[in-house]
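Here is the structure we will look at.
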Amino acid sequence: QVQLVESGGGLVQAGGSLRLSCTASGRSFSSYAMGWFRQATGKEREFVAAISRSGISTNYADSVKGRFTISRDNAKNTVYLQMNSLKPEDTAVYYCAARPSIRVITTQAEYKYWGQGTQVTVSS
């Protein structure tokens, strides 16, 4: 069993930056593919970014490419989402997810473990 706890959300002005963190409990974090998803009010949850268990491979939604960076520190059991040049449309609850895998996973249904989410609000 893995528990995921997100942090780092908050209120920021458009053009600003935030760094989200997701820390996992338990061992074997380095065997888990990790992902970030977001859900805006009234919308379905959508893929944002994903990273392989080694950290070598990443994948991003088109809407965040060039602005967001996913990374991980396996020694700290933590995955990060650096968000730059934030836009009001980035406002959402951000969730991290985990699954034992060697691949980069971009589909929600494939993830086994989910965090509770952290709110990101971007004001115009």
Side-chain angles (χ1 to χ4, degrees):
Q1 189 77 3
V2 174
Q3 290 187 323
L4 304 174
V5 179
E6 301 97 335
S7 62
L11 174 63
V12 64
Q13 289 187 332
S17 298
L18 282 175
R19 187 177 80 156
L20 305 183
S21 300
C22 172
T23 301
S25 65
R27 296 175 287 183
S28 302
F29 177 77
S30 59
S31 68
Y32 287 83
M34 302 295 296
W36 285 98
F37 293 79
R38 67 186 181 186
Q39 187 169 21
T41 302
K43 295 187 177 181
E44 293 186 352
R45 190 160 56 186
E46 64 177 5
F47 168 73
V48 174
I51 190 166
S52 62
R53 65 185 187 181
S54 67
I56 293 176
S57 299
T58 59
N59 196 302
Y60 295 93
D62 288 343
S63 59
V64 306
K65 279 181 182 176
R67 300 188 298 123
F68 291 10
T69 302
I70 188 171
S71 62
R72 65 190 295 159
D73 185 338
N74 286 344
K76 296 183 178 179
N77 282 15
T78 300
V79 62
Y80 304 98
L81 186 68
Q82 178 66 44
M83 305 185 295
N84 299 328
S85 302
L86 282 161
K87 304 175 181 180
E89 50 263 45
D90 294 318
T91 295
V93 177
Y94 283 71
Y95 300 89
C96 69
R99 178 194 169 97
S101 177
I102 62 172
R103 300 180 292 112
V104 176
I105 300 174
T106 63
T107 54
Q108 298 184 53
E110 292 193 70
Y111 280 98
K112 186 174 182 180
Y113 303 106
W114 290 85
Q116 293 300 306
T118 185
Q119 176 71 46
V120 171
T121 303
V122 185
S123 64
S124 58

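Computed over heavy atoms, backbone and side chain alike; hydrogens, waters and symmetry mates excluded.
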Sole candidate of Thr78, Asn77, Asp73 that passes side chain to side chain donor-acceptor pair (under 3.5 Å) when paired with Thr23: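 With Thr23 as partner, side chain to side chain donor-acceptor pair (under 3.5 Å) holds for just one option, Thr78.
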
Do [X] and [Y] make a side-chain contact, defined as non-hydrogen atoms from C-beta onward lying under 4.5 Å apart?
{"X": "Met34", "Y": "Leu4", "result": "yes"}
{"X": "Phe68", "Y": "Trp36", "result": "no"}
{"X": "Arg19", "Y": "Ser7", "result": "no"}
{"X": "Ile51", "Y": "Val104", "result": "no"}
{"X": "Arg67", "Y": "Tyr60", "result": "no"}
{"X": "Thr118", "Y": "Val93", "result": "no"}
{"X": "Val120", "Y": "Thr91", "result": "no"}
{"X": "Tyr111", "Y": "Ile105", "result": "yes"}

Presence of salt bridge, Asp62 and Lys65, under 4.0 angstrom: yes

More than 12 heavy atoms of other groups within 6.0 Å of Gln3 CD: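 No, the 6.0 Å shell around CD holds no more than 12 heavy atoms from other groups.
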
Residue Gln116 excluded, over 12 heavy atoms near CD under 6.0 Å: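 Incorrect, the count does not exceed 12.
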
Test of ring centre spacing under 6.0 Å for Phe37 and Trp114: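 Here the rings of Trp114 and Phe37 have centres that are less than 6.0 Å from each other.
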
Geometric cation-pi criterion Arg38 and Tyr95, 6.0 Å radius, 45° cone: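 Checked: cation-pi criterion not met.
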
Cluster check Tyr94, Val64: I/L/V/M/F/W/Y, side chain < 4.5 angstrom: yes

Distance in Å, Ser57 OG paired with Ile70 CD1, rounded so as to fall on 0.5 Å steps: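 Between Ser57 OG and Ile70 CD1, I get 11.5 Å after rounding to 0.5 Å.
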
Distance-only donor-acceptor check, side chains Ser17 and Asn84, under 3.5 Å: yes

